Amino acid sequence: MNTWLMKSEPDEASIDDLQRESRLPWTGVRNYQARNFMRDSMKPGDRVLFYHSSCAEPGIAGIAEVCSTAYADPTQFDPASPYFDSKSLTESPRWQLVDVRFVAKTPLLSLKRMRELPQLASLQLLQRGSRLSITPVTTAEWLALAPLLGVEP
DNA sequence: GCCAACGTTGGC
DNA sequence: GCCAACGTTGGC
């Protein structure tokens with residue numbers, strides 16, 4: 001089983017929203033690398049670290065789980081959506097997504113705190129200039145993160 | 001709101 | 001295929 005870190009702006013979809021809905025499609029990814037992770041590498045059952053970005057307290061706010069294989073992101077075909085992509089054709093959708101289900105809220109592990117911890121220094125999230133919204137987390141990184149999130153690895 | 005870093009676009 | 005211009009991300 002793989003672990004992923006997925007960023008979401010809490011104004012759009014927070015861990016509380018996911019808890020309420022119990023399951024959400026991960027809409028709006030418009031970056032090829034992030035899409036490829038969902039399309040090619042994510043499997044149902046994979047662990048997701050739910051990260052809040054572009055907010056007062058950026059950090060990991062909970063745990064989720066991939067619960068579908070990849071399929072076409074419907075928002076790319078919706079002219080009313082901010083994620084509409086006029087160049088994406090129905091017969092060859094450009095953007096894909098997976099569904100994610102709620103597992104648990106965690107005490108917020110802030111970006112600031114993560115930057116202070118040497119055992120987390122390898123996280124792709126923390127690399128200079130990194131802004132990919134979906135990044136893989138290694139087993140070693142997950143083992144270092146779990147106790148900080150108050151969960152069993 | 002600023003701006004560094006990165007990704008995409010399109011002319012050549 | 002290069003690369004300048006432009007757009008976006010996201011922390012601060």
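These numbers come from the heavy atoms of this one structure, side chains and all, not from hydrogens, waters or symmetry mates. Keep in mind that what you see is a predicted model, and the values were worked out from it rather than measured. So you know, we letter chains A, B, ... as the sequences are listed, proteins then strands, and number each from 1.
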Undergrad: Whole angstrom is fine here: how far is it from NZ in A:Lys112 over to P in C:dC12?
TA: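 Spelled out: NZ on A:Lys112 to P on C:dC12 is 9 Å.
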
Undergrad: Looking at A:Lys7, does any N or O in its side chain come under 4.0 Å of the phosphate oxygens OP1/OP2 on C:dT9?
TA: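 So the side-chain polar atoms of A:Lys7 never come under 4.0 Å of the phosphate oxygens OP1 or OP2 of C:dT9.
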
Undergrad: Side chain of A:Arg131, base of C:dT8: donor and acceptor closer than 3.5 Å?
TA: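 Answer is yes: a donor-acceptor pair is held.
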
Undergrad: From CD of A:Glu57 over to P of C:dG10, roughly how many Å is that when rounded to an integer?
TA: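 From A:Glu57 CD to C:dG10 P: 18 Å.
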
Undergrad: Report the distance from atom CG of A:Asp85 to atom P of C:dG7, rounded to the nearest whole Å.
TA: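 Spelled out: CG on A:Asp85 to P on C:dG7 is 16 Å.
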
Undergrad: If you only use heavy atoms from C-beta on, which nucleotide in C:dC12, B:dG7, B:dT9 is closest to the side chain of A:Asn31?
TA: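 The answer is B:dG7.
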
Undergrad: Taking the side chain of A:Gln33 as its heavy atoms from C-beta onward, which of C:dG11, B:dT9, B:dG7 lies nearest to it?
TA: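 Of all the options, the side chain of A:Gln33 is nearest to B:dG7.
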
Undergrad: Please pick, from B:dG10, C:dG10, C:dC12, the nucleotide with the shortest atom-to-atom distance to any side-chain atom of A:Arg115.
TA: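 Selected nucleotide: C:dC12.
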
Undergrad: Taking atom CD of A:Glu57 as the centre, does the number of heavy atoms from other residues, nucleotides or ligands within less than 6.0 Å exceed 12?
TA: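 It does not: A:Glu57 CD has 12 such atoms or fewer within range.
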
Undergrad: Under 4.0 Å, heavy atoms only, any strand: does A:Ser54 hit a base, just the sugar-phosphate, or nothing?
TA: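 The answer is base, as A:Ser54 lies within the cut-off (heavy atoms under 4.0 Å) of a base atom.
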
Undergrad: Taking atom P of C:dT9 as reference, at what distance in whole Å does atom CD of A:Gln124 sit?
TA: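 Interatomic distance, CD of A:Gln124 to P of C:dT9: 17 Å.
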
Undergrad: Using whole Å, what does the distance between atom C1' of nucleotide B:dA4 and atom CG of A:Leu132 come to?
TA: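 Roughly 17 Å, once rounded to whole Å.
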
Undergrad: Around A:Glu91, counting heavy atoms of other residues, nucleotides and ligands shown, do more than 12 lie under 6.0 Å from its CD?
TA: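 Yes - once you tally the heavy atoms of other residues, nucleotides and ligands closer than 6.0 Å, there are more than 12.
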
Undergrad: If the threshold is 4.0 Å, N to carboxylate O, is there a salt bridge linking A:Asp85 and A:Arg94?
TA: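 Salt bridge: yes.
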
Undergrad: When you measure from the side chain of A:Tyr32, which nucleotide among C:dC12, B:dG7, B:dT8 comes out closest?
TA: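 Within the option list, the nearest is B:dT8.
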
Undergrad: Salt-bridge test for A:Asp73 and A:Arg35: reply yes if a basic N is under 4.0 Å from a carboxylate O, no otherwise.
TA: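 So A:Asp73 does not pair with A:Arg35 through a salt bridge.
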
Undergrad: Does A:Tyr51 have a side-chain nitrogen or oxygen under 4.0 Å from the phosphate oxygens OP1 or OP2 of C:dG11?
TA: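 Yes, because at least one side-chain N or O of A:Tyr51 sits under 4.0 Å from OP1 or OP2 of C:dG11.
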
Undergrad: Quickly work out the A:Ile134 CD1 to B:dG7 C1' distance and round it to whole Å.
TA: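 Rounded to whole Å, this separation is 16 Å.
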
Undergrad: Are side-chain N/O atoms of A:Asp78 and A:Thr75 paired as donor and acceptor at under 3.5 Å?
TA: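 Distance-only check fails for A:Asp78 and A:Thr75.
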
Undergrad: May I have the distance from A:Met6 (atom CE) to C:dT9 (atom C1'), rounded to whole angstrom?
TA: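 Roughly 17 Å, once rounded to whole Å.
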
Undergrad: If I take atom CG in residue A:Leu126 and atom C1' in nucleotide C:dG11, what distance separates them, rounded to the nearest angstrom?
TA: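 The answer, rounded to whole Å, is 13 Å.
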
